[in-house]
Amino acid sequence: MMIRALDAHCHADILMRHLPSFPNLYREMGCGCVTWAYLETAHSREEYIPYWNGLRNLCRAVESSESPFYYLVGIHPRSITEDMKSLPELPAELCESLAEHLRDPLCLGLGELGLDKGGRIEEQVLLWQLDWAVRHLPEAKRIGVHTPRQRKEEATRRTLDILDDFKPLASRLLIDHVTPALWPMVSEKPYWMGMTLQDGKVSLDELISFAAACPSFSDRIIVNSDGAKALSRPFLDFLRREELLDAECRRAVLRDNALRFYGLSLGRADDGLQCGSQINEGSDHEKR
Ligand SMILES: [Zn+2]
């Protein structure tokens, strides 16, 4: 079975609460998705493991060959609980759970990591997870990194500075919510970049004009929805309106770059892609 697109960043657990029928829509559109961990209201660190287990159960329950569902695990900067703040390191039980999830073929890596408001605690939790990844993240798994809406340039610069110290992870990192304004800063680095089509992030018009101004964007960009409380209208419009951008560019930013980044196997050569298994190869954009 073939898919038309892979929504490389969404929050399927939140979408399920607001729009339980959304997997049917994705299936009809031939779109798979990768749901990134974001525990909206976290009170205690004991909630992380059941939350990650829930993401796995959700993916198992709704995935289909027309619309595969995958997930990432980790601690989002807005999900850091009070009881994490005084700890000296990432608790062992969380490390064990991360390792266990990363053995599951549906779990594609760590995310959503990063800085949101910034500050010592957010940096600490990000560093713990990156340190853990350097030692334990399986070669085939990836890391999705958040950049915030507020003070975006400053927070992104700080994030990139932190990531400079984690060179062994470089080919496995995706910096997300990159905007055309951020492109010059982020594209200097060797990472994949996510561009989120959503009201308040990047509009469809901005994407189209950016594609015209910077044709090489389709080598590095993975378009996604970051859908959470609602589906992203601009993302769905982009998927439906096949006249937007040329076919090759559309395939790259909507599907092929995401499959390559996540190391998901390509299927038949007839423009169809077989979904399902994860292959053990590095992302290849570092060759460019
Ligand atoms: Zn997100």
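Start at 1 and go down the list; that is how both ligands and their atoms are numbered. Computed from a prediction, not measured in an experiment: that's the story for all the values here. If you read the sequence from its start, that first residue is 1, and numbering goes on from there.
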Please check if the distance between the ring centroids of Y38 and H146 is under 6.0 Å.
-> no
Could you list all the side-chain hydrogen bond (donor to acceptor under 3.5 Å, both in side chains) pairs where at least one residue sits in residues 121-131, not counting sequence neighbours?
-> E123-R158
For R250 and L244, indicate whether the former's side chain and the latter's backbone hold a donor-acceptor pair under 3.5 Å.
-> yes
Does the separation of the ring centres of F217 and W183 fall below 6.0 angstrom?
-> no
Heavy-atom pair with the smallest gap, counting every atom of V34 and A8 = CB-O, 3.6 Å
Note on the Zn ion (ligand 1): protein N/O/S atoms within less than 2.8 Å are H9 NE2, H11 NE2, E112 OE1, D226 OD1
Run the salt-bridge test on D164 and K189 with the 4.0 Å N-O cut-off and return the result as yes or no.
-> yes
